[in-house]
Amino acid sequence: MTTRRIAVVSAGLSNPSSTRMLADRLSAATLASLREQGIEAEVDTFELRDYAHDITNNLLTGFAPPALESMVDAVVSADAVIAVTPIFSTSYSGLFKSFIDVIDPDALTGKPVLIGANAGTPRHSLAIDYAIRPLFTYLHAEPVSTGVFAASADWGGSGDQVAPLGERISRGARELAEAIARREPAASVDPFDPSSYLGEGRSFGHLLGGLAGE
């Protein structure tokens with residue numbers, strides 16, 4: 001059985017960060033839900049703050065440094081994505097948006113996404129639906145119905161008692177696991193295979209022939 005891959009993108013700025021804490025809990029719950037369905041999966045977690053300079057350089061030059069290129073390749077080739085951002089000024093962070101801006105607009109088409117966000121106050125909880133979800137919808141990704149928002153009070157046990165954070169995490173993870181199970185495993189792409197960017201069955205000879213007018 002093919003092992004599925006989940007890419008986790010955390011846009012927290014501090015270390016440690018509640019953004020990373022939420023990302024870890026979402027990924028652990030998703031793995032547990034997949035195991036219940038007999039599906040093995042592995043997780044690659046990326047802290048965007050580790051790539052902040054590379055992301056800026058990519059935006060300025062149009063070229064991704066090797067570390068960023070490798071990370072982006074891992075994200076876009078994964079079976080699913082868990083994306084978690086802190087909320088600043090009622091929306092996703094600038095670092096999170098900058099990362100989205102360096103990805104090819106079609107690279108996440110059809111990919112299941114579990115959205116997570118955190119902020120100091122629950123008043124920002126709607127940012128998932130009015131800011132982050134539309135962003136992934138624009139990219140033609142398929143965010144699951146449940147987005148998981150965590151306010152500072154949720155970590156201390158004094159948050160939402162009607163729908164506690166743990167329940168929301170479990171629901172979102174279960175939806176992502178079900179979305180992964182419905183899809184065929186993502187195909188591995190060899191970045192050194194010309195057909196991956198020239199087209200199936202084509203080679204550099206075809207490209208050179210075309211340039212020569214043949």
Worked check of side chain to side chain contact (heavy atoms under 4.5 Å, CB included) between Val84 and Val148: CA-CA 9 Å; Val84 188; Val148 182; over 6 Å; no
Any side-chain heavy-atom pair of [X] and [Y] under 4.5 Å:
X	Y	result
Asn57	Leu68	no
Ile169	Leu22	yes
Ile132	Thr85	yes
Asn15	Arg20	no
Ile6	Ile180	yes
Phe136	Ile100	yes
Leu13	Phe88	yes
Ile87	Phe149	yes

Count I, L, V, M, F, W, Y as connected when their side-chain heavy atoms are under 4.5 Å apart, and connections chain through other members. Are [X] and [Y] then in the same cluster?
X	Y	answer
Val144	Val9	no
Val8	Ile39	yes
Leu176	Leu34	yes
Ile82	Leu95	no
Leu31	Val75	no

Atom [atom1] of [X] and atom [atom2] of [Y]: how far apart are they, to the nearest 0.5 Å?
X	Y	atom1	atom2	answer
Asp106	His140	CG	NE2	6.5 Å
Ser33	Glu178	OG	CD	6.5 Å
Arg183	Glu142	CZ	CD	6.5 Å

Starting from the C-alpha separation in whole Å, work towards a yes-or-no answer on side chain to side chain contact (heavy atoms under 4.5 Å, CB included) for Met71 and Leu48. CA-CA 10 Å; Met71 187 266 277; Leu48 292 188; 3.8 Å; yes
Which heavy atom in [X] sits nearest to a heavy atom in [Y], and how many Å separate them?
X	Y	value
Ser17	Gly12	OG-CA, 4.1 Å
Ala131	Tyr92	O-CE2, 3.5 Å
Arg5	Ser77	NH2-OG, 2.7 Å
Arg4	Pro185	NE-CG, 3.5 Å
Ile115	Pro143	CD1-CB, 3.9 Å
Leu26	Gly116	CD1-CA, 4.3 Å

Residues 117-128, side-chain donor-acceptor partners within the protein, below 3.5 Å, at least two apart:
unit_1: Asn118; atom_1: OD1; unit_2: Thr19; atom_2: OG1; d: 2.7
unit_1: Asn118; atom_1: ND2; unit_2: Ser18; atom_2: OG; d: 2.8
unit_1: Thr121; atom_1: OG1; unit_2: Arg123; atom_2: N; d: 3.2
unit_1: Thr121; atom_1: OG1; unit_2: Arg123; atom_2: NE; d: 3.3
unit_1: Ser125; atom_1: OG; unit_2: Pro122; atom_2: O; d: 3.0

Consider side-chain contact (heavy atoms from CB on, under 4.5 Å). Of Asp54, Leu59, Asn58, Val72, which one does Phe99 pass it with? Val72
Heavy-atom neighbours of Tyr130 OH exceed 12 at 6.0 Å: yes
Taking the side chain from [X] and the backbone from [Y], do they hold a donor-acceptor pair closer than 3.5 Å?
X	Y	result
Ser170	Gly166	yes
Lys111	Ala78	yes
Glu42	Thr3	no
Ser70	Pro66	no

Does any donor atom in the side chain of Arg174 or Thr146 lie under 3.5 Å from an acceptor atom in the other side chain? no
Report the C-alpha distance between Asp104 and Val76 in whole Å, list the side-chain angles of each, state the deciding distance to 0.1 Å, and finish with yes or no for side chain to side chain contact (heavy atoms under 4.5 Å, CB included). CA-CA 9 Å; Asp104 185 283; Val76 302; over 6 Å; no
